[in-house]
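Below is one structure, written out as structure tokens; the observations come after it.
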Amino acid sequence: MNNNNQTIHPVYDNRGFQHEEERPPPHNPQHLYPVIPQMTPNHIVGASQVISTHYTQTPGSPHFPQQKKGTRKCHWKYILSACLCVAVVLAVGALLLWYFLFYRCLLGRSCGSGGKCLSLSRWCDGVRDCSRGEDESQCFRLHGRSFMLESYSANHQAWMPVCADSWNDNYGKTVCEQLGYNRQDYVSSTQASPSPVALNGYMKLKAGSYPASLLQSQLTHSLYCSTRAVGLQCIGCGRSSAGPSSRIVGGTEAVNGAWPWQVSLQINFRHVCGGSIINPYWVLSAAHCFERYQSPGVWRVFYGDVRLSRMTSRREVDKIIRHEDYDPQTNDNDVALVKLRTPLTFTETVRPVCLPSAGIYISAGSQAWITGWGTLRSSGPTPDILNQAQVTIYSRDTCNAGHVLNGKVTETMLCAGSLQGGIDTCQGDSGGPLVVKTRGVWWLVGDTSWGIGCALKNKPGVYGNVTYFIDWIYEEMQSK
């Protein structure tokens with residue numbers, strides 16, 4: 001955390017995720033289609049070629065017809081050539097058909113890159129057709145600030161609210177478990193008003209249904225709902241017992257309970273990166289934190305206090321999952337999940353932050369908060385107490401201006417801070433949370449990724465865009 005505006009030549013300064021001075025040029029595109037050479041057909045003797053059969057006969061002499069030269073050519077050669085041409089055309093056609101219909105899966109969706117191609121009607125039908133179950137893994141989502149439950153309708157190719165008719169907690173727990181949460185963390189099922197109004201109808205429990213392992217098989221489309229939509233809270237998240245009470249211009253020290261989801265990722269009792277609790281088993285952090293040390297055995301997750309020196313509660317790490325498309329050169333897809341060997345017990349100072357629901361949009365100019373134990377200035381000392389600061393989220397166009405970050409902020413990123421300088425994350429804050437508060441709930445919208453220097457003018461910090469990664473996060477949580 002940094003509130004020092006010492007200006008030096010702007011350079012990439014955050015350890016573990018330094019950039020080249022310029023993003024490498026894009027690679028040359030590869031041909032997607034086979035290049036078929038133009039074949040010039042041999043001149044084939046046929047009906048259009050006139051062969052002279054005229055001959056001269058001497059009167060009175062017997063007529064011995066001359067042999068017709070050129071009429072007994074080897075026609076099989078031409079037939080063979082024609083067959084080969086037809087075979088080549090058919091092979092090319094079959095290749096293009098496979099490429100577009102099966103590899104690119106234009107008429108359906110594939111089970112992963114280049115995987116099995118399924119028709120759209122086979123997604124979210126309650127039957128696992130993909131080897132890893134991808135076709136049934138993203139069939140429910142939570143929408144908006146009321147956590148309204150939506151189900152994907154393969155027949156209508158749309159997300160629709162789930163009707164609360166005949167709904168009970170057993171169904172709620174089943175859906176939460178499908179999303180990747182634990183049944184014991186389930187909070188409640190309520191009723192929520194669809195917003196916008198469900199003009200296309202609802203997904204409704206079938207008559208005689210029961211809480212099956214894949215609940216989407218128990219739902220059917222209905223234009224009417226006698227109650228309202230299901231509001232589903234799978235975990236008690238986003239609540240702070242001692243949040244900041246006033247606007248902060250620079251970084252200040254936090255108090256216990258203000259940011260109960262903040263953790264310290266350590267190696268040999270030394271703080272390396274930050275992270276955010278999202279459920280009892282999972283912590284969200286940044287992929288670049290694990291470039292050098294990828295073995296789960298060397299890491300420990302410390303939590304429950306704002307002072308590093310007082311932190312005694314810790315968990316061993318069972319698994320580290322970095323985003324498969326993380327690019328260390330550009331920091332694209334800079335997100336990772338850390339699975340704990342044993343679950344956390346939630347208290348006033350240990351609580352999860354809420355993952356962003358669909359339909360929650362963070363507009364430019366929104367105020368957010370950053371926290372961490374990072375250095376107080378570039379290459380400076382690290383604090384013992386967790387620091388906090390309020391920052392402004394900027395539009396991607398503002399971030400990518402030539403005098404700001406010059407086009408380096410992609411759709412997998414957010415940028416936030418102060419264009420005037422003086423407020424920023426710094427070395428050691430990596431992986432920590434960028435959060436916003438709406439209606440008393442804190443939402444995790446970013447993980448600290450990279451920056452040019454710390455707190456320099458026109459150089460806001462860059463964060464992984466958690467909303468962009470939400471499907472990936474839930475899919476990995478479901479994989480257990």
Side-chain angles (χ1 to χ4, degrees), residues 107-111 116 118-235 355-360 470-475 477-480:
L107 299 182
R109 290 176 62 188
S110 62
C111 301
K116 182 179 180 182
L118 301 176
S119 64
L120 295 176
S121 62
R122 294 173 68 184
W123 288 78
C124 294
D125 62 354
V127 179
R128 287 191 174 96
D129 296 299
C130 296
S131 59
R132 296 181 61 230
E134 300 97 315
D135 56 316
E136 304 299 324
S137 66
Q138 301 294 331
C139 300
F140 291 102
R141 71 180 188 182
L142 302 177
H143 188 279
R145 294 172 176 82
S146 61
F147 300 96
M148 184 183 71
L149 179 63
E150 292 184 327
S151 177
Y152 185 75
S153 170
N155 292 330
H156 293 80
Q157 299 294 297
W159 288 96
M160 297 184 181
V162 175
C163 177
D165 288 358
S166 303
W167 191 268
N168 59 42
D169 286 337
N170 288 328
Y171 293 110
K173 291 177 182 179
T174 299
V175 172
C176 288
E177 195 168 31
Q178 280 187 234
L179 287 171
Y181 294 100
N182 301 317
R183 292 180 73 92
Q184 58 266 32
D185 298 321
Y186 171 82
V187 177
S188 65
S189 290
T190 58
Q191 294 188 18
S193 298
S195 179
V197 177
L199 297 177
N200 296 321
Y202 295 80
M203 297 301 288
K204 192 174 182 180
L205 287 169
K206 299 176 183 177
S209 62
Y210 58 95
S213 58
L214 293 177
L215 196 61
Q216 57 266 33
S217 65
Q218 304 295 315
L219 298 175
T220 186
H221 178 255
S222 174
L223 291 175
Y224 305 102
C225 178
S226 63
T227 53
R228 294 193 295 173
V230 174
L232 184 65
Q233 194 160 1
C234 294
I235 194 169
L355 291 172
S357 297
I360 291 183
I470 197 65
D471 287 345
W472 178 85
I473 293 168
Y474 278 121
E475 188 168 343
M477 283 169 52
Q478 291 167 31
S479 69
K480 307 294 185 185

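Numbers for residues simply follow the sequence, beginning at 1. Quick caveat: nothing in here was measured; it's all calculated off a predicted structure.
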Do S188 and T190 pair up side chain to side chain, a donor and an acceptor below 3.5 Å, judged on atom types alone? no
Measuring only between side-chain heavy atoms, which start at C-beta, is P161 closer than 4.5 Å to L149? no
Look up atom CD in Q157 and atom OG in S121, then write down how far apart they are to the nearest 0.5 Å. 8.5 Å
Flag yes if more than 12 heavy atoms outside R183 fall under 6.0 Å of its CZ atom; otherwise flag no. yes
With a 4.5 Å heavy-atom cut-off, do Q478 and E136 have their side chains touching? no
Measure the CD-OG distance between Q216 and S151 for me, rounded to the nearest 0.5 Å. 6.5 Å
List the steps and the verdict of side-chain contact (heavy atoms from CB on, under 4.5 Å) for W167 and V230. CA-CA 8 Å; W167 191 268; V230 174; 3.7 Å; yes
Between CG on residue L118 and CD on residue E134, distance to nearest 0.5 Å: 9.0 Å
With the side chain counted from C-beta on, respond yes when T174 and F140 share a heavy-atom pair under 4.5 Å apart, and no when they do not. no
So, taking the atom named OG in S137 and the one named OH in Y474, what distance separates them when rounded to the nearest 0.5 Å? 13.0 Å
Side-chain heavy-atom pair Y210, Q218 within 4.5 angstrom cut-off: yes
For C225 versus A164, what's the shortest heavy-atom pair and its separation? SG-N, 3.9 Å
Carefully, step by step, assess I235 and Y186 under the rule side-chain contact (heavy atoms from CB on, under 4.5 Å). CA-CA 5 Å; I235 194 169; Y186 171 82; over 6 Å; no
Which heavy atom of K116 sits nearest to which heavy atom of D129, and what is that distance? NZ-O, 3.6 Å
Flag the pair N155 / H221 as yes when at least one side-chain heavy-atom distance between them is below 4.5 Å, and no otherwise. no
With a 4.5 Å limit on heavy-atom distance, are the side chains of N182 and E177 in contact? no
With heavy-atom distances below 4.5 Å as the criterion, would you say the side chains of Y202 and D165 are in contact? no
Evaluation steps, side-chain contact (heavy atoms from CB on, under 4.5 Å), between L214 and Q178: CA-CA 7 Å; L214 293 177; Q178 280 187 234; 3.9 Å; yes
Can S217 and V127 be said to form a side-chain contact (heavy atoms from CB on, under 4.5 Å), step by step? CA-CA 8 Å; S217 65; V127 179; over 6 Å; no
Tell me, yes or no, whether the heavy-atom count around N200 atom CG, taken from other residues, nucleotides or ligands under 6.0 Å, exceeds 12. no
On a heavy-atom basis, the closest approach of Y171 and P211 is CE2-N, 3.5 Å
Closest heavy-atom pair, A192 versus R228, reported as atoms and distance to 0.1 Å, is O-CB, 3.5 Å
When rounded to the nearest 0.5 Å, the distance separating CG of L205 from SG of C163 is 8.0 Å
Would you check if E150 and V162 make a side-chain contact, meaning some heavy-atom pair closer than 4.5 Å? no
When rounded to the nearest 0.5 angstrom, what distance separates CD in Q233 from CG in D185? 11.5 Å
Side-chain ion pair, R128 and D135, N-O less than 4.0 Å: no
